[in-house]
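Read through the structure below, which is laid out as C-alpha coordinates, and then see the notes.
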Protein chains: 2
Amino acid sequence: MSLRENKKRARTAEEKTDRRSVVLSAAREMIAESGFESVTMSGLAKRAGLAKGTLYLYVKTKEEVFALLFVEGLSGYVDALLPHVGEDEALIRAMSMEARENALFLPLMARLTTIIEANLSREALIRTKRAVGAQAARLTTEMATERAMGSGEAFDLVHALFVALQGAAQLSVARPAFFDELPEDVKQVYGASEPDAAFVTAARLILKGAADASA
Amino acid sequence: MSLRENKKRARTAEEKTDRRSVVLSAAREMIAESGFESVTMSGLAKRAGLAKGTLYLYVKTKEEVFALLFVEGLSGYVDALLPHVGEDEALIRAMSMEARENALFLPLMARLTTIIEANLSREALIRTKRAVGAQAARLTTEMATERAMGSGEAFDLVHALFVALQGAAQLSVARPAFFDELPEDVKQVYGASEPDAAFVTAARLILKGAADASA
DNA sequence: CTTTACAAATGACCGACGGTCATTAATTTA
DNA sequence: TAAATTAATGACCGTCGGTCATTTGTAAAG
(Lines give C-alpha, C1' and ligand atoms only; values in the text may rest on other atoms or scores of the structure.)
Protein backbone atom coordinates (compact mmCIF):
# COMPACT_ATOMS: atom_id res chain seq x y z
CA MET A 1 0.00 0.00 0.00
CA SER A 2 3.04 2.22 -0.14
CA LEU A 3 3.11 5.08 -2.55
CA ARG A 4 6.81 5.63 -2.38
CA GLU A 5 7.80 3.85 -5.54
CA ASN A 6 5.76 6.47 -7.34
CA LYS A 7 7.98 9.47 -6.71
CA LYS A 8 5.54 11.83 -8.34
CA ARG A 9 4.23 14.69 -6.30
CA ALA A 10 0.61 15.25 -5.53
CA ARG A 11 -0.37 18.41 -7.32
CA THR A 12 -4.03 18.15 -8.15
CA ALA A 13 -6.76 17.86 -5.58
CA GLU A 14 -7.42 14.35 -6.77
CA GLU A 15 -3.84 13.26 -6.24
CA LYS A 16 -4.03 14.66 -2.74
CA THR A 17 -7.13 12.67 -1.98
CA ASP A 18 -5.28 9.62 -3.23
CA ARG A 19 -2.41 10.27 -0.84
CA ARG A 20 -4.85 10.63 1.98
CA SER A 21 -6.57 7.38 1.16
CA VAL A 22 -3.23 5.61 1.07
CA VAL A 23 -2.60 6.92 4.57
CA LEU A 24 -6.00 5.70 5.70
CA SER A 25 -5.41 2.25 4.27
CA ALA A 26 -2.04 2.01 5.95
CA ALA A 27 -3.65 3.02 9.23
CA ARG A 28 -6.39 0.43 8.85
CA GLU A 29 -3.79 -2.25 8.30
CA MET A 30 -1.70 -1.23 11.28
CA ILE A 31 -4.70 -1.14 13.60
CA ALA A 32 -5.94 -4.49 12.38
CA GLU A 33 -2.53 -6.06 12.75
CA SER A 34 -1.45 -4.76 16.09
CA GLY A 35 -3.97 -2.40 17.61
CA PHE A 36 -4.35 1.31 18.10
CA GLU A 37 -1.49 1.71 20.51
CA SER A 38 0.90 0.44 17.88
CA VAL A 39 0.08 3.24 15.47
CA THR A 40 2.81 5.86 15.57
CA MET A 41 3.17 8.68 13.13
CA SER A 42 6.65 7.61 12.04
CA GLY A 43 5.45 4.07 11.56
CA LEU A 44 2.39 5.17 9.67
CA ALA A 45 4.45 7.42 7.44
CA LYS A 46 6.87 4.65 6.65
CA ARG A 47 4.06 2.24 5.91
CA ALA A 48 2.38 4.72 3.62
CA GLY A 49 5.67 5.39 1.88
CA LEU A 50 5.90 8.97 3.09
CA ALA A 51 8.22 10.96 5.29
CA LYS A 52 6.78 11.97 8.61
CA GLY A 53 6.72 15.62 7.62
CA THR A 54 4.75 14.74 4.51
CA LEU A 55 2.18 12.89 6.55
CA TYR A 56 1.62 16.09 8.48
CA LEU A 57 0.76 17.86 5.24
CA TYR A 58 -2.33 15.70 5.02
CA VAL A 59 -3.35 15.50 8.62
CA LYS A 60 -2.89 17.88 11.52
CA THR A 61 -2.76 15.32 14.33
CA LYS A 62 -2.55 11.57 14.65
CA GLU A 63 -6.11 11.39 15.88
CA GLU A 64 -7.33 13.06 12.72
CA VAL A 65 -6.46 9.82 10.97
CA PHE A 66 -8.71 7.94 13.35
CA ALA A 67 -11.43 10.54 12.98
CA LEU A 68 -11.41 10.12 9.22
CA LEU A 69 -11.65 6.37 9.58
CA PHE A 70 -14.51 6.72 12.01
CA VAL A 71 -16.52 9.11 9.88
CA GLU A 72 -16.06 6.85 6.91
CA GLY A 73 -17.17 3.87 8.95
CA LEU A 74 -20.13 5.67 10.43
CA SER A 75 -21.38 6.66 7.03
CA GLY A 76 -21.32 3.07 5.85
CA TYR A 77 -22.88 1.94 9.09
CA VAL A 78 -25.85 4.26 8.73
CA ASP A 79 -26.23 3.25 5.09
CA ALA A 80 -26.61 -0.32 6.22
CA LEU A 81 -29.11 0.58 8.92
CA LEU A 82 -31.49 2.76 6.96
CA PRO A 83 -33.40 -0.08 5.27
CA HIS A 84 -34.14 -1.67 8.63
CA VAL A 85 -35.10 1.13 10.99
CA GLY A 86 -38.74 0.18 10.70
CA GLU A 87 -38.64 -3.15 12.46
CA ASP A 88 -37.11 -3.82 15.88
CA GLU A 89 -35.40 -7.14 15.40
CA ALA A 90 -34.20 -6.30 11.91
CA LEU A 91 -32.70 -3.06 13.18
CA ILE A 92 -30.93 -4.78 16.04
CA ARG A 93 -29.61 -7.44 13.74
CA ALA A 94 -28.38 -4.85 11.26
CA MET A 95 -26.68 -2.83 13.97
CA SER A 96 -24.87 -5.76 15.46
CA MET A 97 -24.03 -7.46 12.19
CA GLU A 98 -22.73 -4.34 10.56
CA ALA A 99 -20.57 -3.62 13.59
CA ARG A 100 -19.01 -7.04 13.25
CA GLU A 101 -18.64 -6.56 9.52
CA ASN A 102 -16.42 -3.52 9.88
CA ALA A 103 -14.13 -4.68 12.65
CA LEU A 104 -12.68 -1.22 13.15
CA PHE A 105 -15.95 0.53 13.76
CA LEU A 106 -16.63 -0.25 17.42
CA PRO A 107 -13.02 0.17 18.50
CA LEU A 108 -13.01 3.56 16.83
CA MET A 109 -16.31 4.49 18.42
CA ALA A 110 -15.01 3.44 21.81
CA ARG A 111 -12.23 6.00 21.47
CA LEU A 112 -14.26 8.72 19.79
CA THR A 113 -14.67 11.28 22.54
CA THR A 114 -11.92 10.57 25.04
CA ILE A 115 -9.10 10.05 22.59
CA ILE A 116 -10.03 11.10 19.08
CA GLU A 117 -12.10 14.23 19.48
CA ALA A 118 -9.89 15.30 22.36
CA ASN A 119 -6.94 15.59 19.97
CA LEU A 120 -8.34 17.18 16.84
CA SER A 121 -7.55 20.56 15.42
CA ARG A 122 -10.41 23.01 15.41
CA GLU A 123 -11.02 22.36 11.72
CA ALA A 124 -10.94 18.61 12.00
CA LEU A 125 -13.24 18.70 15.00
CA ILE A 126 -15.75 20.80 13.09
CA ARG A 127 -15.68 18.44 10.15
CA THR A 128 -16.07 15.41 12.40
CA LYS A 129 -18.88 16.79 14.53
CA ARG A 130 -20.77 17.93 11.44
CA ALA A 131 -20.45 14.53 9.86
CA VAL A 132 -21.66 12.79 13.00
CA GLY A 133 -24.55 15.21 13.36
CA ALA A 134 -25.52 14.66 9.75
CA GLN A 135 -25.58 10.88 10.10
CA ALA A 136 -27.65 11.12 13.25
CA ALA A 137 -30.10 13.36 11.46
CA ARG A 138 -30.32 10.95 8.55
CA LEU A 139 -31.25 8.13 10.89
CA THR A 140 -33.66 10.25 12.87
CA THR A 141 -35.73 11.40 9.93
CA GLU A 142 -35.86 7.93 8.45
CA MET A 143 -36.92 6.55 11.81
CA ALA A 144 -39.62 9.19 12.19
CA THR A 145 -41.20 8.51 8.81
CA GLU A 146 -40.78 4.76 8.90
CA ARG A 147 -42.30 4.45 12.35
CA ALA A 148 -44.71 7.35 12.12
CA MET A 149 -43.25 8.94 15.21
CA GLY A 150 -42.80 12.53 16.23
CA SER A 151 -39.33 13.76 15.41
CA GLY A 152 -38.64 14.31 19.11
CA GLU A 153 -39.45 10.73 19.87
CA ALA A 154 -37.38 9.49 16.97
CA PHE A 155 -34.49 11.64 18.10
CA ASP A 156 -34.63 10.14 21.57
CA LEU A 157 -34.82 6.62 20.25
CA VAL A 158 -31.87 7.02 17.89
CA HIS A 159 -29.81 8.60 20.62
CA ALA A 160 -30.71 5.94 23.14
CA LEU A 161 -29.64 3.24 20.71
CA PHE A 162 -26.36 4.99 20.00
CA VAL A 163 -25.68 5.57 23.67
CA ALA A 164 -26.08 1.83 24.12
CA LEU A 165 -23.85 1.16 21.14
CA GLN A 166 -21.18 3.46 22.43
CA GLY A 167 -21.37 1.83 25.82
CA ALA A 168 -21.13 -1.62 24.30
CA ALA A 169 -18.25 -0.42 22.13
CA GLN A 170 -16.19 0.08 25.27
CA LEU A 171 -16.26 -3.66 25.68
CA SER A 172 -14.72 -4.15 22.27
CA VAL A 173 -11.35 -2.96 23.50
CA ALA A 174 -8.75 -5.62 22.89
CA ARG A 175 -7.83 -7.87 25.76
CA PRO A 176 -4.41 -7.48 27.26
CA ALA A 177 -1.50 -9.47 25.92
CA PHE A 178 -1.33 -11.39 29.18
CA PHE A 179 -5.01 -12.31 29.13
CA ASP A 180 -4.29 -16.02 29.24
CA GLU A 181 -2.31 -15.65 32.43
CA LEU A 182 -5.22 -14.03 34.25
CA PRO A 183 -7.02 -15.90 37.03
CA GLU A 184 -10.19 -17.69 36.02
CA ASP A 185 -12.52 -15.39 37.92
CA VAL A 186 -11.05 -12.35 36.19
CA LYS A 187 -11.43 -13.91 32.78
CA GLN A 188 -15.06 -14.44 33.62
CA VAL A 189 -15.56 -10.75 34.26
CA TYR A 190 -14.43 -10.25 30.68
CA GLY A 191 -16.66 -13.04 29.49
CA ALA A 192 -19.66 -11.59 31.27
CA SER A 193 -19.72 -8.67 28.89
CA GLU A 194 -19.20 -9.29 25.22
CA PRO A 195 -19.85 -6.17 23.15
CA ASP A 196 -22.33 -7.83 20.87
CA ALA A 197 -24.44 -9.49 23.54
CA ALA A 198 -24.37 -6.37 25.70
CA PHE A 199 -25.62 -4.24 22.86
CA VAL A 200 -28.34 -6.62 21.78
CA THR A 201 -29.88 -6.97 25.22
CA ALA A 202 -29.76 -3.23 25.83
CA ALA A 203 -31.18 -2.47 22.40
CA ARG A 204 -34.01 -4.96 22.81
CA LEU A 205 -35.04 -3.36 26.07
CA ILE A 206 -34.82 0.12 24.58
CA LEU A 207 -36.93 -0.73 21.56
CA LYS A 208 -39.43 -2.61 23.67
CA GLY A 209 -39.63 0.37 26.00
CA ALA A 210 -40.19 2.67 23.05
CA ALA A 211 -42.92 0.46 21.62
CA ASP A 212 -44.56 0.38 25.00
CA ALA A 213 -44.41 4.17 25.28
CA SER A 214 -46.09 4.84 21.95
CA ALA A 215 -48.72 2.19 22.49
CA MET B 1 -2.28 18.09 50.25
CA SER B 2 1.48 17.69 50.14
CA LEU B 3 3.20 15.29 52.45
CA ARG B 4 6.62 16.67 51.86
CA GLU B 5 6.93 18.82 54.94
CA ASN B 6 6.67 15.62 56.89
CA LYS B 7 9.97 14.05 55.94
CA LYS B 8 9.24 10.84 57.77
CA ARG B 9 9.33 7.64 55.84
CA ALA B 10 6.40 5.36 55.42
CA ARG B 11 7.32 2.19 57.28
CA THR B 12 4.10 0.60 58.44
CA ALA B 13 1.37 -0.58 56.14
CA GLU B 14 -0.84 2.16 57.46
CA GLU B 15 1.63 4.88 56.60
CA LYS B 16 1.85 3.48 53.11
CA THR B 17 -1.88 3.63 52.72
CA ASP B 18 -1.68 7.24 53.83
CA ARG B 19 0.89 8.03 51.17
CA ARG B 20 -1.31 6.42 48.59
CA SER B 21 -4.34 8.42 49.66
CA VAL B 22 -2.32 11.61 49.46
CA VAL B 23 -1.48 10.69 45.89
CA LEU B 24 -5.12 10.05 45.11
CA SER B 25 -6.19 13.38 46.58
CA ALA B 26 -3.56 15.19 44.58
CA ALA B 27 -4.76 13.45 41.45
CA ARG B 28 -8.37 14.36 42.15
CA GLU B 29 -7.39 17.99 42.51
CA MET B 30 -5.37 18.05 39.33
CA ILE B 31 -8.14 16.42 37.31
CA ALA B 32 -10.75 18.75 38.73
CA GLU B 33 -8.62 21.81 38.07
CA SER B 34 -7.36 21.12 34.61
CA GLY B 35 -8.53 17.78 33.28
CA PHE B 36 -7.05 14.37 32.73
CA GLU B 37 -4.62 15.38 30.05
CA SER B 38 -2.93 17.73 32.48
CA VAL B 39 -2.02 14.95 34.88
CA THR B 40 1.63 14.03 34.46
CA MET B 41 3.56 11.80 36.79
CA SER B 42 6.13 14.47 37.57
CA GLY B 43 3.39 16.98 38.25
CA LEU B 44 1.47 14.55 40.38
CA ALA B 45 4.58 13.66 42.36
CA LYS B 46 5.36 17.30 42.99
CA ARG B 47 1.82 18.03 44.05
CA ALA B 48 1.83 15.08 46.44
CA GLY B 49 5.18 16.16 47.82
CA LEU B 50 7.04 13.14 46.49
CA ALA B 51 9.80 12.52 44.02
CA LYS B 52 8.74 10.85 40.84
CA GLY B 53 10.59 7.68 41.75
CA THR B 54 8.75 7.54 45.05
CA LEU B 55 5.42 7.81 43.32
CA TYR B 56 6.33 4.73 41.37
CA LEU B 57 6.77 2.84 44.62
CA TYR B 58 3.06 3.19 45.19
CA VAL B 59 1.75 2.76 41.71
CA LYS B 60 3.02 0.86 38.71
CA THR B 61 1.61 3.07 35.97
CA LYS B 62 -0.09 6.42 35.72
CA GLU B 63 -3.37 4.78 34.86
CA GLU B 64 -3.31 2.82 38.08
CA VAL B 65 -3.98 6.10 39.81
CA PHE B 66 -7.08 6.56 37.70
CA ALA B 67 -8.11 2.97 38.28
CA LEU B 68 -7.94 3.44 42.02
CA LEU B 69 -10.03 6.58 41.76
CA PHE B 70 -12.56 4.79 39.61
CA VAL B 71 -12.91 1.77 41.87
CA GLU B 72 -13.35 4.04 44.85
CA GLY B 73 -15.97 6.03 42.98
CA LEU B 74 -17.78 2.96 41.76
CA SER B 75 -18.05 1.56 45.24
CA GLY B 76 -19.66 4.75 46.52
CA TYR B 77 -21.86 4.87 43.45
CA VAL B 78 -23.25 1.40 44.04
CA ASP B 79 -23.72 2.18 47.72
CA ALA B 80 -25.92 5.06 46.72
CA LEU B 81 -27.88 2.98 44.25
CA LEU B 82 -28.68 -0.04 46.37
CA PRO B 83 -31.56 1.50 48.32
CA HIS B 84 -33.33 2.45 45.08
CA VAL B 85 -33.00 -0.52 42.77
CA GLY B 86 -36.60 -1.51 43.46
CA GLU B 87 -38.31 1.40 41.76
CA ASP B 88 -37.66 2.65 38.22
CA GLU B 89 -37.77 6.39 38.62
CA ALA B 90 -35.99 6.34 41.96
CA LEU B 91 -33.21 4.26 40.46
CA ILE B 92 -32.82 6.54 37.48
CA ARG B 93 -32.77 9.57 39.73
CA ALA B 94 -30.18 7.99 42.01
CA MET B 95 -27.97 7.01 39.08
CA SER B 96 -28.01 10.42 37.49
CA MET B 97 -27.81 12.38 40.73
CA GLU B 98 -24.97 10.37 42.14
CA ALA B 99 -23.06 10.72 38.89
CA ARG B 100 -23.35 14.48 39.19
CA GLU B 101 -22.44 14.35 42.86
CA ASN B 102 -19.07 12.79 42.19
CA ALA B 103 -17.95 14.86 39.24
CA LEU B 104 -15.03 12.56 38.50
CA PHE B 105 -17.05 9.40 38.17
CA LEU B 106 -18.37 9.66 34.62
CA PRO B 107 -15.14 11.06 33.18
CA LEU B 108 -13.29 8.15 34.76
CA MET B 109 -15.83 5.69 33.48
CA ALA B 110 -15.57 7.14 30.01
CA ARG B 111 -11.86 6.30 30.01
CA LEU B 112 -12.12 2.98 31.80
CA THR B 113 -11.47 0.50 29.04
CA THR B 114 -9.67 2.40 26.30
CA ILE B 115 -7.27 4.31 28.49
CA ILE B 116 -7.21 3.03 32.04
CA GLU B 117 -7.48 -0.74 31.75
CA ALA B 118 -5.32 -0.65 28.67
CA ASN B 119 -2.42 0.62 30.74
CA LEU B 120 -2.53 -1.36 33.95
CA SER B 121 -0.03 -3.88 35.19
CA ARG B 122 -1.29 -7.42 35.44
CA GLU B 123 -1.79 -7.08 39.18
CA ALA B 124 -3.59 -3.77 38.98
CA LEU B 125 -5.83 -5.06 36.21
CA ILE B 126 -6.78 -8.08 38.29
CA ARG B 127 -7.60 -5.92 41.28
CA THR B 128 -9.64 -3.54 39.15
CA LYS B 129 -11.59 -6.19 37.28
CA ARG B 130 -12.36 -8.01 40.50
CA ALA B 131 -13.62 -4.86 42.12
CA VAL B 132 -15.82 -4.05 39.16
CA GLY B 133 -17.16 -7.58 39.02
CA ALA B 134 -17.93 -7.48 42.73
CA GLN B 135 -19.88 -4.25 42.48
CA ALA B 136 -21.84 -5.56 39.52
CA ALA B 137 -22.68 -8.67 41.49
CA ARG B 138 -23.79 -6.62 44.47
CA LEU B 139 -26.20 -4.68 42.30
CA THR B 140 -27.43 -7.77 40.50
CA THR B 141 -28.37 -9.74 43.60
CA GLU B 142 -30.06 -6.74 45.18
CA MET B 143 -31.97 -6.14 41.98
CA ALA B 144 -33.03 -9.79 41.80
CA THR B 145 -34.40 -9.89 45.32
CA GLU B 146 -35.92 -6.45 45.29
CA ARG B 147 -37.72 -7.01 42.01
CA ALA B 148 -38.34 -10.71 42.40
CA MET B 149 -36.58 -11.45 39.15
CA GLY B 150 -34.54 -14.37 38.02
CA SER B 151 -30.84 -13.69 38.45
CA GLY B 152 -30.30 -13.92 34.71
CA GLU B 153 -32.87 -11.24 34.09
CA ALA B 154 -31.42 -9.06 36.81
CA PHE B 155 -27.96 -9.53 35.35
CA ASP B 156 -29.18 -8.39 31.95
CA LEU B 157 -30.94 -5.38 33.37
CA VAL B 158 -27.97 -4.23 35.42
CA HIS B 159 -25.67 -4.65 32.48
CA ALA B 160 -28.00 -2.84 30.13
CA LEU B 161 -28.19 0.09 32.52
CA PHE B 162 -24.44 0.22 32.86
CA VAL B 163 -23.90 -0.03 29.14
CA ALA B 164 -26.14 3.01 28.82
CA LEU B 165 -24.26 4.76 31.59
CA GLN B 166 -20.95 4.06 29.98
CA GLY B 167 -22.26 5.30 26.67
CA ALA B 168 -23.58 8.45 28.24
CA ALA B 169 -20.31 8.89 30.10
CA GLN B 170 -18.58 9.39 26.77
CA LEU B 171 -20.53 12.60 26.44
CA SER B 172 -19.10 13.87 29.71
CA VAL B 173 -15.74 14.48 28.15
CA ALA B 174 -14.74 18.09 28.57
CA ARG B 175 -15.34 20.43 25.68
CA PRO B 176 -12.33 21.75 23.83
CA ALA B 177 -10.67 24.95 24.94
CA PHE B 178 -11.80 26.61 21.73
CA PHE B 179 -15.43 25.56 22.15
CA ASP B 180 -16.66 29.16 22.06
CA GLU B 181 -15.08 29.74 18.68
CA LEU B 182 -16.96 26.84 17.11
CA PRO B 183 -19.70 27.50 14.55
CA GLU B 184 -23.24 27.51 15.92
CA ASP B 185 -24.29 24.31 14.21
CA VAL B 186 -21.36 22.44 15.71
CA LYS B 187 -22.12 23.71 19.19
CA GLN B 188 -25.61 22.34 18.71
CA VAL B 189 -24.29 18.88 18.03
CA TYR B 190 -22.71 19.09 21.47
CA GLY B 191 -25.91 20.44 22.94
CA ALA B 192 -27.95 17.64 21.44
CA SER B 193 -26.29 15.14 23.72
CA GLU B 194 -25.82 16.03 27.34
CA PRO B 195 -24.64 13.05 29.36
CA ASP B 196 -27.37 13.33 31.93
CA ALA B 197 -30.26 13.66 29.53
CA ALA B 198 -28.88 10.94 27.30
CA PHE B 199 -28.64 8.52 30.17
CA VAL B 200 -32.06 9.29 31.57
CA THR B 201 -33.89 8.74 28.31
CA ALA B 202 -32.01 5.53 27.58
CA ALA B 203 -32.50 4.25 31.12
CA ARG B 204 -36.23 4.99 31.05
CA LEU B 205 -36.65 3.01 27.88
CA ILE B 206 -34.59 0.15 29.23
CA LEU B 207 -36.53 -0.08 32.47
CA LYS B 208 -39.80 0.25 30.67
CA GLY B 209 -38.77 -2.50 28.30
CA ALA B 210 -37.83 -4.70 31.22
CA ALA B 211 -41.13 -4.10 32.96
CA ASP B 212 -42.92 -4.93 29.74
CA ALA B 213 -40.93 -8.12 29.35
CA SER B 214 -41.74 -9.47 32.79
CA ALA B 215 -45.41 -8.48 32.55
C1' DC C 1 25.82 4.16 71.98
C1' DT C 2 27.62 2.27 67.66
C1' DT C 3 27.35 -0.61 63.82
C1' DT C 4 24.93 -3.14 60.52
C1' DA C 5 21.08 -4.25 57.67
C1' DC C 6 17.10 -2.93 55.42
C1' DA C 7 14.19 -0.57 52.53
C1' DA C 8 12.05 4.10 51.53
C1' DA C 9 13.19 8.02 48.93
C1' DT C 10 15.47 10.42 45.31
C1' DG C 11 16.20 12.54 40.77
C1' DA C 12 19.25 12.10 36.82
C1' DC C 13 18.65 9.55 32.97
C1' DC C 14 16.58 6.97 28.97
C1' DG C 15 13.82 5.82 24.99
C1' DA C 16 9.66 6.74 22.53
C1' DC C 17 6.71 9.64 20.48
C1' DG C 18 4.05 13.65 18.52
C1' DG C 19 4.87 17.48 16.17
C1' DT C 20 7.86 21.43 13.71
C1' DC C 21 10.55 23.79 10.30
C1' DA C 22 14.49 25.10 7.49
C1' DT C 23 15.95 23.08 3.41
C1' DT C 24 15.57 20.50 -0.98
C1' DA C 25 13.70 19.62 -5.23
C1' DA C 26 9.72 18.52 -8.52
C1' DT C 27 6.70 20.96 -11.40
C1' DT C 28 4.44 24.91 -13.31
C1' DT C 29 4.47 29.55 -15.06
C1' DA C 30 6.58 33.48 -17.17
C1' DT D 1 15.56 28.73 -19.77
C1' DA D 2 14.79 31.14 -15.48
C1' DA D 3 11.85 32.20 -11.75
C1' DA D 4 8.24 31.05 -8.72
C1' DT D 5 5.64 27.85 -6.28
C1' DT D 6 4.80 24.36 -3.25
C1' DA D 7 5.16 19.20 -2.17
C1' DA D 8 8.40 16.50 0.23
C1' DT D 9 11.94 15.57 3.54
C1' DG D 10 14.05 14.20 7.91
C1' DA D 11 16.88 16.14 11.53
C1' DC D 12 15.55 18.16 15.50
C1' DC D 13 12.85 19.51 19.76
C1' DG D 14 10.19 19.22 23.99
C1' DT D 15 7.48 16.29 26.81
C1' DC D 16 6.42 12.45 29.14
C1' DG D 17 6.21 7.75 31.21
C1' DG D 18 9.05 4.86 33.40
C1' DT D 19 13.82 3.02 35.46
C1' DC D 20 17.65 2.43 38.54
C1' DA D 21 22.01 3.34 40.95
C1' DT D 22 22.67 5.91 44.87
C1' DT D 23 21.47 8.18 49.16
C1' DT D 24 19.63 8.21 53.61
C1' DG D 25 16.18 7.56 57.42
C1' DT D 26 15.06 3.91 60.65
C1' DA D 27 15.15 -0.22 63.18
C1' DA D 28 17.55 -4.18 64.86
C1' DA D 29 21.80 -6.23 66.57
C1' DG D 30 25.88 -6.05 69.19
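In what follows, chains are A, B, ... by sequence order, proteins preceding strands, each numbered from 1. Every heavy atom of this structure was used, including side-chain atoms; hydrogens, water molecules and symmetry mates were not. All of these numbers come straight from a predicted model, not from anything done at the bench.
- Geometric assessment of Arg111(A) against the ring of Phe36(A) yields a positive cation-pi assignment under the 6.0 Å and 45° thresholds.
- The interatomic distance linking Leu57(A) (CG) with dT9(D) (P) rounds to 9 Å, in whole Å.
- Atom C1' of nucleotide dT9(D) and atom CZ of Arg19(A) are separated by 13 Å, given to the nearest angstrom.
- The interatomic distance linking Met30(A) (CE) with dC17(C) (C1') rounds to 12 Å, in whole Å.
- Contacts of Val39(A) with the nucleic acid, taken as non-hydrogen atoms under 4.0 Å apart, involve only primed sugar atoms and P, OP1 or OP2.
- At the heavy-atom level, Lys60(A) lies nowhere under 4.0 Å from the strands shown.
- Checked by distance alone, Lys52(B) brings a side-chain donor or acceptor within 3.5 Å of a matching partner on the base of dG17(D).
- No salt bridge links Glu33(A) with Arg28(A); every basic N to acidic carboxylate O contact stays at or beyond 4.0 Å.
- Listed nucleotides dG18(D), dA8(D), dG19(C) differ in distance to Tyr58(A); the shortest reach to its side chain belongs to dA8(D).
- Atom pair Ile115(B):CD1 and dG17(D):P shows a separation of 13 Å (rounding to whole Å applied).
- Nearest nucleotide to the Lys16(B) side chain, out of dG18(D), dA8(C), dC17(C): dA8(C).
- Nearest-nucleotide positions on DNA chain C place Thr54(B) closer to the 5' end than the other of Gly53(A) and Thr54(B).
- In this structure, Glu64(B) places its CD atom 10 Å from P of dG18(D), rounding to the nearest Å.
- Note: OH (Tyr56(A)) to C1' (dA11(D)) measures 15 Å, nearest angstrom.
- Separating the CD atom of Glu15(B) from the P atom of dA7(C) is a distance of 15 Å, rounded to the nearest angstrom.
- A salt bridge does not link Arg20(A) to Glu14(A): none of the charged side-chain nitrogens sits closer than 4.0 Å to a carboxylate oxygen.
- The existence of a salt bridge linking Lys60(A) and Glu123(A) is excluded, since no basic side-chain nitrogen approaches an acidic carboxylate oxygen closer than 4.0 Å.
- For the pair Glu63(B) CD and dG17(D) C1', the interatomic distance rounds to 9 Å; values are reported in whole Å.
- Across dG10(D), dG25(D), dT27(C), the shortest atom-to-atom separation from the side chain of Arg9(A) is found for dT27(C).
- The pair Glu117(A)-Lys129(A) counts as a salt bridge, with a side-chain nitrogen and a carboxylate oxygen less than 4.0 angstrom apart.
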